[in-house]
Amino acid sequence: MEKIDYYLKELNSEKIKKAILVQSRLIEAARDFLTSEGWVEILPVIISPITDPLTDYRVRGEIECYGFKYQITKSMIFHKQIALTTFPKIFCLSPNVRIEPPERMTSGRHLIEFVQLDLEAREASREEIIKLGERLFTYVISRVKETCQEELKFFGRQLVDFEPPFPRISYEQALTSYGQDYELALSRSFSQPIWLINFPIDQREFYDREDEKNPGFLVDMDLIYPEGYGEALSGGEREYEYGKIVKRIKKKGIDLDAYNLYLDFAKKGLYPSAGFGFGVERLTRFVCGLEDIGDTRLFAKKPGLYSL
Ligand code: ASN
């Protein structure tokens, strides 16, 4: 098939059209929920001298403007922390670019360009953010069940009423019970979303806060969808003290200079905070019950491929 015919087929696909309609309702519901509770939406940062290191801080998209190097946002984590200077509770529909390994092309869950509903609150604890996540999730699901009946029928999707509190399992328990592929195994064995908590420090980035009562482990969490759909959101409490952040960056073997600007803010004083990022395409995939995340947006970009 000619490339243009492939794109035209996608642009006219009933499946993609319905999934995007559901997605637009999901976004509307999430915005309504958050703004009604006093959260302020900020606009996304697409390029910046700093972004989330994410596994390998050297693997990144870069562009040059006026002789300066900018990185394409992998996540707005640092901008979220800094933006709390202006407002106590912020959210953003944040486009992220992550150059995922090509093996993830057919995972059904990875796009190299995606959007997360990213939020952060001053002085919040993980407990508060977990409760917020449960309320946000159940609210958006109940709203689309009302507003997208025709689309959900098209997908043959019958969503149950999810009832918080969702079960919680620690990373260590998950690893012992389900082995290395714990995320998918966990996801397949539950019919309610599950919180995966307390990741070891070496499994995550330097910005999630180390638990002083449980050194070596973080005060963080992922929410895992049931029915094998995998990770829904990821977040935690953050390191905010300059000395601790420096220690964590060094422990990762990251060059401190790469985070100069962020460290300057930390020196002046960041607020303690917690938050998470909720993948919008993954949420759409789950709600519509789709195999392939590529069906959740126009111009989807899979790892390893070249696309419009
Ligand atoms: N948005 C995530 C968070 O708030 C970070 C990420 O996407 N890597 O923790």
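Worth knowing before you read on, the calculation uses all heavy atoms, side chains too, and leaves out hydrogens, waters and symmetry mates. Counting starts at 1 for both ligands and their atoms, in listed order.
At under 3.5 Å, a nitrogen or oxygen of Y207, whether backbone or side chain, sits near a nitrogen or oxygen of ligand 1. In terms of polar-atom proximity, defined here as any N/O pair under 3.5 Å, N96 makes no such contact with ligand 1. Not one N or O of E120 is nearer than 3.5 Å to an N or O of ligand 1, by distance alone.
A salt bridge is absent between K250 and D255; no separation between the charged side-chain nitrogens and carboxylate oxygens falls under 4.0 Å. For E10 and R297, the salt-bridge test fails: no basic side-chain N is under 4.0 Å from an acidic carboxylate O. Between K80 and E120, at least one side-chain N (NZ, or NE/NH1/NH2) sits under 4.0 Å from a carboxylate O, which counts as a salt bridge. Between D292 and K302 there is a salt bridge, since at least one side-chain N of the basic residue sits less than 4.0 Å from a carboxylate O of the acidic one.
Under the 6.0 Å distance and 45° angle rule, R238 does not count as a cation-pi partner of Y207. Judged by a 6.0 Å distance limit and a 45° cone about the ring axis, K18 is positioned over the six-membered ring of F154.
Listed by number with element, the atoms of ligand 1 under 4.0 Å from a non-hydrogen atom of D52 are 5 (C), 6 (C), 8 (N). Those atoms of ligand 1 with a heavy atom of G235 less than 4.0 angstrom away are 9 (O). Short contacts between ligand 1 and D118, defined as distances under 4.0 Å to a heavy atom of the residue, involve ligand atoms 1 (N), 4 (O). For ligand 1, the atoms sitting less than 4.0 Å from at least one non-hydrogen atom of R98 are 6 (C), 7 (O), 8 (N), numbered in the order shown with element in parentheses.
In this structure the side chain of R285 reaches within 4.5 angstrom of the side chain of Y229, judged on heavy atoms.
When heavy-atom distances to ligand 1 are checked against a 4.0 Å cut-off, M76 has no atom that comes that close, whether in backbone or side chain. Contact annotation: for Q81 versus ligand 1, there are no heavy atoms closer than 4.0 Å.
Ligand 1 lies within reach of K80, whose nearest heavy atom is under 4.0 Å from it. Heavy atoms of M221 come nearer than 4.0 angstrom to ligand 1 in no pair at all. Using 4.0 Å as the threshold, R204 has no heavy atom nearer than that to any atom of ligand 1.
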- Message: Evaluate D32 against R143 for salt bridge (charged side-chain N to carboxylate O under 4.0 Å, His left out), listing each step before the verdict.
- Response: CA-CA 11 Å; D32 286 353; R143 269 269 294 258; 2.9 Å; yes

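The nearest heavy-atom contact from the protein to atom 2 (C) of ligand 1 is S234 O, 3.7 Å. Nearest non-hydrogen protein atom to atom 9 (O) of ligand 1 is R238 NH1, 3.0 Å.
When each of R209, K244, R248 is checked for a salt bridge (charged side-chain N to carboxylate O under 4.0 Å, His left out) with E239, only R248 meets the rule.
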